[in-house]
Amino acid sequence: MDINEVGSTAFFPSCVRQMEQDEARPLFEDPYAGWFIDEEATQEFRRLIHTYPAIRETARYRVCVMNETLERAMADGVKQVVTLGAGFDMRAQIFRTPGVRFCDVDQPGVLAFKHKILEARGVTPCPAIPGNYLELDLPGELAKISFDLDAPTLFIWEGNTMYLPAELIHDFLDRLRARTPSLIVAFDYFSAKIINRTSGNETMTAATDYFERNFGAKWVTGFDDLSVFEERNELRIIESGAMLDVCMRHAPESAPALAEWTGLHSYCVLKAS
Ligand SMILES: C[S@@+](CC[C@H](N)C(=O)[O-])C[C@H]1O[C@@H](n2cnc3c(N)ncnc32)[C@H](O)[C@@H]1O
């Protein structure tokens, strides 16, 4: 089972979700997270987090905001959820709700690994589409598994945009919007200052270098002005904010730990008008 560098980035968020279970007041539940990471990887991530604690903090609030967005969408009646670059995301189980359908999309090696682990534990994975979503006919693949392309569909795009060239992001959104007119897309993104090492924050720059050096995948795209999604992709921004805003909603006492990421890691929810 071949997991490449980009695929291997899925292990870190699993570690973050697993660590949450040891908190006195966990911000979210993911009883499956520990299934996907071995002891060696856990130790490696704990070393990273020990040196750069804010990397864990910002990833925790990313989980919170995606959960909030999913819960709100389901409360609004959305019955289709597609997780792009799903990695070891287990929301299909955690938020299982009668009448709501989930679908994972990721590289074949990542999905094969995930499914092997789940099947060994007796958990049936949600439907999945293996492949590079930038190249697949994703709407066509969703239609094949009976997703209704005209119905409201939430695309959770967590921990992905930083790895993709900006032009490919915009082209992908254009193609998706053209065929799924009721789409909602929730994603997190970095500031270009992280990518360009111009945040002025030396710890941040060192953390970026450490991440790229040790985990093999590069962060290539950041955004500092979301209006590009309205102008270029004709999508409406229905919500956006910094991870610090999410932290203030869930655990304001943790805000100091996140201070160095202020303005550097944010989220956005787009909707086709
Ligand atoms: C940082 S991980 C995030 C995983 C998950 N969304 C989470 O937050 O736990 C990025 C995931 O996106 C997948 N990915 C990135 N680009 C992709 C692409 N173009 N097509 C399919 N999967 C992709 C990787 O294989 C990896 O599993």
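Whatever order the structure lists ligands and atoms in, that order sets their numbers, starting from 1.
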Colleague: On a heavy-atom basis, I'd like to know which of Trp157, Tyr133, Tyr163, Phe187 is closest to atom 16 (N) of ligand 1.
Modeller: Tyr133
Colleague: Considering Asn4, Asp106, Val105, Leu164, which one's heavy-atom position lies nearest to atom 25 (O) of ligand 1?
Modeller: Asp106
Colleague: Determine the minimum heavy-atom distance between Arg179 and Gly140, stating which atoms define it.
Modeller: NH2-N, 3.6 Å
Colleague: Just go through Cys15, Gly85, Gly159, Gly87 and tell me whose heavy atom is the nearest to atom 6 (N) of ligand 1.
Modeller: Gly85
Colleague: Name the orientation class of the two ring planes belonging to Phe223 and Tyr189 (parallel below 30°, tilted from 30 to 60°, perpendicular beyond 60°).
Modeller: perpendicular
Colleague: Under 4.5 Å between side-chain heavy atoms, counting indirect links through other Ile/Leu/Val/Met/Phe/Trp/Tyr residues: same cluster for Leu154 and Leu149 or not?
Modeller: no
Colleague: Can you see which heavy atom on Trp219 is nearest to which on Ile194, and at what distance?
Modeller: CE3-CG2, 3.9 Å
Colleague: Can you tell me the protein heavy atom closest to atom 2 (S) of ligand 1 and the distance?
Modeller: Thr9 OG1, 3.3 Å
Colleague: What is the closest protein heavy atom to atom 3 (C) of ligand 1, and at what distance does it sit?
Modeller: Glu158 O, 3.6 Å
Colleague: Mind checking whether Leu168 and Val220 sit in one hydrophobic cluster, side chains of I, L, V, M, F, W, Y counted as touching below 4.5 Å?
Modeller: no
Colleague: Could you check which of Pro13, Ala86, Ala10 puts a non-hydrogen atom nearest to atom 5 (C) of ligand 1?
Modeller: Ala86
Colleague: Determine, using heavy atoms of Gly131 and all atoms of ligand 1, whether some pair is separated by less than 4.0 Å.
Modeller: yes
Colleague: Hey, which atoms in ligand 1 end up nearer than 4.0 Å to a heavy atom of Arg62?
Modeller: 8 (O)
Colleague: Look at the rings of Trp261 and Phe190 and say which category their plane angle falls in: under 30° parallel, 30 to 60° tilted, over 60° perpendicular.
Modeller: tilted
Colleague: So if you build clusters from Ile, Leu, Val, Met, Phe, Trp, Tyr with side-chain heavy-atom gaps below 4.5 Å, do Phe12 and Leu84 land together?
Modeller: no
Colleague: When you measure from the heavy atoms of Arg17 to every atom of ligand 1, does any distance fall below 4.0 Å?
Modeller: yes
Colleague: Nearest 0.5 Å please: distance from the CZ atom of Arg177 over to the OG atom of Ser182.
Modeller: 12.5 Å
Colleague: Which atoms of ligand 1 are found less than 4.0 Å from any heavy atom of Asn132?
Modeller: 18 (C), 19 (N), 20 (N)
Colleague: Just need the protein heavy atom nearest to atom 14 (N) of ligand 1, so name the residue and atom and give the distance.
Modeller: Asn160 OD1, 3.7 Å
